[in-house]
Asker: 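Sending over a structure as structure tokens; questions will come in a sec.
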Amino acid sequence: MIKIKTAAEIEGMKPAGALSKLVLRHVGTMIRPGVETLELDRVAESIIRMHGGKPAFKGYGGFPASICCSINDEVVHGIPTAARVLQDGDIVSIDTGVVVNGWVGDNAWTFFCGTPSTADKGLCEITRDCLKAGIEQAVPGNRVGDIGHAVQTLAEANGYSVVRDYVGHGVGHEMHEEPNVPNYGKPGRGVRLQAGMVIAIEPMICLKGYESRVLPNRWTVVTKDGGTAAHYENTLAITNDGPVILTADEEGPWCPMQGGEALTPAPTPSQEA
């Protein structure tokens with residue numbers, strides 16, 4: 001069942017969205033060669049709890065960490081570990097989710113570690129633009145297929161492929177609510193969008209083929225052909241005045257808007273949808 005939120009409930013979801021983005025941005029400042037991905041997770045959980053939230057991912061279905069850290073050919077659900085150390089040239093997708101006052105905020109961003117390849121930089125730029133294209137379709141009267149079609153059309157027109165096995169979703173008191181929001185589809189098809197729906201749009205775009213498989217850890221999803229993948233996500237509310245991004249940037253001590261030596265974003269934060 002799709003849960004329609006009131007204006008007051010949407011307002012109540014904003015602290016969770018803001019904290020989720022704050023954590024995402026701070027973890028982004030830490031991405032550099034030589035950093036253990038487990039350290040990213042430790043810092044993320046510390047910030048979440050410092051601000052009165054709870055990690056939405058930790059323990060969800062048995063997931064062992066507070067963030068997902070997916071590197072290069074890992075599409076989603078990468079598990080941070082002390083053994084996984086970031087290398088120059090990696091592209092690193094960080095997915096953060098928090099719970100504040102019973103509401104969930106969920107977002108993701110792909111960062112560059114050091115200097116990316118030209119191919120990976122192009123992949124990230126298109127995936128970012130796919131997110132923006134999908135968000136533009138998130139208006140009352142449109143359908144879920146309009147979002148997916150916008151993402152798919154842009155990705156494939158530029159020579160990339162769209163993951164089929166994992167999709168966006170509704171967000172509320174639960175991290176995954178109805179409806180599913182695929183990143184592919186036909187215009188005018190699927191669930192009709194209504195004011196009060198809150199959804200996560202999250203394009204997962206691949207440099208090569210879109211087929212994926214799950215590693216033996218039962219979580220980490222990788223591309224079958226070893227091609228790199230990028231992942232961008234925002235939680236947003238559908239309103240009569242247009243889409244309202246709930247995981248929006250807010251300046252603060254843990255959330256620098258610009259990168260410094262510690263952060264090489266893909267692309268810069270100011271270009272976010």
Asker: Let me confirm one number: the OG1-CG distance from Thr118 to Leu123, rounded to the nearest 0.5 Å.
Answerer: 12.5 Å
Asker: If two hydrophobic side chains count as joined below 4.5 Å and joins carry through other members, does Phe57 share a cluster with Trp219?
Answerer: yes
Asker: Can you name the residues that form a side chain to side chain donor-acceptor pair (under 3.5 Å) with His176, not counting sequence neighbours?
Answerer: Tyr60
Asker: Mind checking what makes side chain to side chain donor-acceptor pair (under 3.5 Å) contact with Glu202, not counting sequence neighbours?
Answerer: His169, His231
Asker: Using the salt bridge (charged side-chain N to carboxylate O under 4.0 Å, His left out) criterion, which residues pair with Arg49? Sequence neighbours excluded.
Answerer: Glu45
Asker: What is the distance from atom CG of Leu19 to atom NZ of Lys54, rounded to the nearest 0.5 Å?
Answerer: 13.0 Å
Asker: Distance check, rounded to the nearest 0.5 Å: Leu246 atom CG versus Met13 atom CE?
Answerer: 6.0 Å
Asker: Counting only pairs under 3.5 Å, give me each side-chain donor-acceptor contact of residues 238-245, with atom names and distances, residues two or more places apart or in other chains.
Answerer:
from	atom 1	to	atom 2	distance (Å)
Thr239	OG1	Asp241	N	3.1
Thr239	OG1	Gly242	N	3.3
Thr239	OG1	Gly242	O	2.5

Asker: Give a yes or no answer on whether the side chain of Asp41 reaches the backbone of Thr37 with a donor-acceptor pair at less than 3.5 Å.
Answerer: no
Asker: Which residues satisfy the salt bridge (charged side-chain N to carboxylate O under 4.0 Å, His left out) test with Arg143, sequence neighbours excluded?
Answerer: none
Asker: Which atom pairs, one a donor and one an acceptor, fall under 3.5 Å between side chains of residues 94-101 and the rest of the protein, sequence neighbours left out?
Answerer:
from	atom 1	to	atom 2	distance (Å)
Thr96	OG1	Ser20	O	2.9
Thr96	OG1	Ser20	OG	3.1
Thr96	OG1	Asn107	ND2	2.8

Asker: To the nearest 0.5 Å, tell me how far Met175 CE sits from Trp103 CH2.
Answerer: 15.5 Å
Asker: If we only count heavy atoms from C-beta on, is the Met197 to Arg192 side-chain gap below 4.5 Å?
Answerer: no
Asker: If you group Ile, Leu, Val, Met, Phe, Trp and Tyr whenever their side-chain heavy atoms sit less than 4.5 Å apart, what else falls in with Val85?
Answerer: none
Asker: Could you tell me whether the side chain of Asp225 and the main chain of Gly227 form a donor-acceptor pair under 3.5 Å?
Answerer: yes
Asker: Going hydrophobic residue to hydrophobic residue with side-chain gaps under 4.5 angstrom, can you get from Ile31 over to Val35?
Answerer: yes
Asker: Mind checking who shares a hydrophobic cluster with Met1, ILVMFWY linked at side-chain heavy-atom distances under 4.5 Å?
Answerer: none
Asker: So, the side chain of Asp90 versus the backbone of Val92: is there a donor-acceptor pair under 3.5 Å, distance only?
Answerer: no
Asker: Provide the closest heavy-atom pair for Ser161 versus Gly209 in the form atom of the first, atom of the second, distance.
Answerer: OG-C, 3.2 Å
Asker: Using the test salt bridge (charged side-chain N to carboxylate O under 4.0 Å, His left out), find all partners of Glu11 that sit at least two apart in sequence or belong to another chain.
Answerer: Lys14
Asker: How far apart are the closest heavy atoms of Ala16 and Val104, and which atoms are they?
Answerer: CB-C, 3.8 Å
Asker: Could you report the tightest heavy-atom contact between Thr220 and His77, atom names first, then the distance?
Answerer: OG1-O, 3.3 Å
Asker: Asp120: which residues meet the side chain to side chain donor-acceptor pair (under 3.5 Å) condition with it, sequence neighbours left out?
Answerer: Ser117, Thr228
Asker: Quick check: is Val43 connected to Trp109 through a chain of hydrophobic side chains (ILVMFWY, heavy atoms under 4.5 Å apart)?
Answerer: yes
Asker: Give a yes or no answer on whether the side chain of Glu39 reaches the backbone of Glu36 with a donor-acceptor pair at less than 3.5 Å.
Answerer: no
Asker: Side-chain heavy atoms under 4.5 Å apart, restricted to Ile/Leu/Val/Met/Phe/Trp/Tyr: what other residues fall into the cluster of Tyr166, or is it alone?
Answerer: Val75, Val76, Val163, Met204, Val214, Val221
Asker: So, for Cys206 and Thr223, which heavy atoms are closest and what is the spacing to 0.1 Å?
Answerer: SG-CG2, 3.8 Å
Asker: So, using side chain to side chain contact (heavy atoms under 4.5 Å, CB included) as the criterion, who are the partners of Glu178 when residues are at least two apart?
Answerer: Ile2
Asker: Quick one: does any side-chain atom of Thr235 pair with a main-chain N or O of Thr247 as donor and acceptor, under 3.5 Å?
Answerer: no
Asker: Under a 4.5 Å side-chain heavy-atom rule over Ile, Leu, Val, Met, Phe, Trp and Tyr, are Ile4 and Ile199 clustered together?
Answerer: yes
Asker: Is there a side-chain contact between Pro80 and Leu40 (heavy atoms, below 4.5 Å)?
Answerer: no
Asker: Less than 4.0 Å between a side-chain N and a carboxylate O, is that true for Glu9 and Lys3?
Answerer: no
Asker: Could you tell me whether a side-chain N or O of Ser66 sits under 3.5 Å from a main-chain N or O of Lys58, the two making a donor and an acceptor?
Answerer: no
Asker: Please report the shortest heavy-atom distance between Ala133 and Leu154, naming the atom on each side.
Answerer: CB-CD2, 4.3 Å
Asker: State, with a plain yes or no, whether a side-chain heavy atom of Cys130 is found less than 4.5 Å away from one of Asn183.
Answerer: no
Asker: Do the non-hydrogen side-chain atoms of Asp129 and Lys132 ever get within less than 4.5 Å of each other?
Answerer: yes
Asker: Any side-chain heavy-atom pair from Tyr232 and Thr110 closer than 4.5 angstrom?
Answerer: yes
Asker: Given the rule in the side-chain contact (heavy atoms from CB on, under 4.5 Å) test, do Ile91 and Phe111 qualify, once you have shown the distances and angles that lead to the verdict?
Answerer: CA-CA 6 Å; Ile91 60 170; Phe111 297 91; over 6 Å; no
Asker: Answer yes or no: is there a side-chain heavy-atom contact under 4.5 Å between Ile205 and Val162?
Answerer: yes
Asker: Just how far is it from atom CG of Asp106 to atom SG of Cys68, taken to the nearest 0.5 Å?
Answerer: 8.5 Å
Asker: Report, as yes or no, whether the 6.0 Å neighbourhood of atom CZ on Arg218 holds more than 12 heavy atoms from other residues, nucleotides or ligands.
Answerer: no
Asker: In Å, rounded to the nearest 0.5 Å, how long is the span from CG of Asp88 to SG of Cys113?
Answerer: 6.5 Å
Asker: At their closest point, which heavy atom of Ala138 faces which heavy atom of Leu236, and how far apart are they?
Answerer: CB-CD1, 3.8 Å
Asker: What I'd like to find out is whether the side chain of Leu207 reaches to under 4.5 Å of the side chain of Tyr160, using heavy atoms alone.
Answerer: yes
Asker: Quick one: are Asn234 and Ile201 in side-chain contact, heavy atoms under 4.5 Å?
Answerer: no
Asker: Do Ile67 and Phe63 share a hydrophobic cluster, counting only Ile, Leu, Val, Met, Phe, Trp and Tyr and linking them when any side-chain heavy atoms are less than 4.5 Å apart?
Answerer: no
